[in-house]
Amino acid sequence: MKVIDAPSPNFDARVRPPDMIVMHYTGMLTGEAALARLRDPQAKVSAHYMVEEDGRVFSLAPEARRAWHAGKAFWKGERDINGCSIGIEIVNPGHEFGYRPFPDAQIAAVIELTAEIRGRWEVPDARIVGHADVAPDRKEDPGELFPWKRLAEAGHGLWVEPGPAPGPPLAEGAEGAGVFALQAGLTRLGYDSAPSGKYDAATAAIVRAFQRHWRQRLVDGVADGETRARLIALLRLAAA
Ligand SMILES: [Zn+2]
């Protein structure tokens, strides 16, 4: 695909090839402002790509280098997420400045770019995630409007549609074996959710991140029956 060269100085060396893709939204009023910031040496942030709402794709850092997009993060036992991932910034004002649907042309470009990246590097479906998935305590992007289902239908990432799943909701303050099992499941998927059996604020933040990705119609941090059924179905799919 055609990419526009917009080099950023904000990257360093990788120690291993990337095997993960992290999706972001820019969270700024305009794409121009975001691009300027991602290229500003003072800002010390970047990504490998930025995708505009009209589908234009900017290349900011070489894929073989370690761009600075994830910050303090965790997935599947690893904390240096910049070191093992490729970061894609998707232009959207975000929750702070007027979160809005991602246009078709933009998502088509994200899908094409993802396919090309996966042609160059080995990236499993279970390792295509959002910034909120790897930093649930401080990030919400790309958020519950990002069409993960459409990406999965195009062959990228995990998606499930389990049937109805009644069951008592687990919420902040709950304790016990059910909470322990939930945390163990979230950990197995990749989240930083060491099982304690206590549904604390950190657990609620992780459940919200999970819902922004995999149960988008209601993001409330409560692990209801549907949320838990989706987690179980995803774990089956990831293990298959
Ligand atoms: Zn981000």
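Indexing begins at 1, ligand by ligand and atom by atom, following the structure's order. Predicted model only: the values in this text are computed from it and were never measured. All heavy atoms count here, side chains included; hydrogens, waters and symmetry mates do not.
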Co-members of the apolar cluster containing Ile4 [side chain, <4.5 Å] = Leu35, Leu38, Val45, Met50, Phe58, Leu60, Val91
Is the closest basic N to carboxylate O distance between Asp104 and Arg150 below 4.0 Å?
-> yes
N, O or S atoms of the protein lying under 2.8 Å from the Zn ion (ligand 1) = His24 ND1, His131 ND1, Asp141 OD2
Identify whether the distance between the nearest side-chain nitrogen and carboxylate oxygen of Arg118 and Asp125 falls below 4.0 Å.
-> yes
Taking only residues two or more places apart in sequence, or in another chain, which ones meet Asn82 in a side chain to side chain donor-acceptor pair (under 3.5 Å)?
-> none
Are Asp54 and Arg56 close enough for a salt bridge, meaning some N to O gap below 4.0 Å?
-> yes
Fellow cluster residues of Ile232, listed by chain then number, with links counted only when side-chain atoms sit under 4.5 Å apart = none
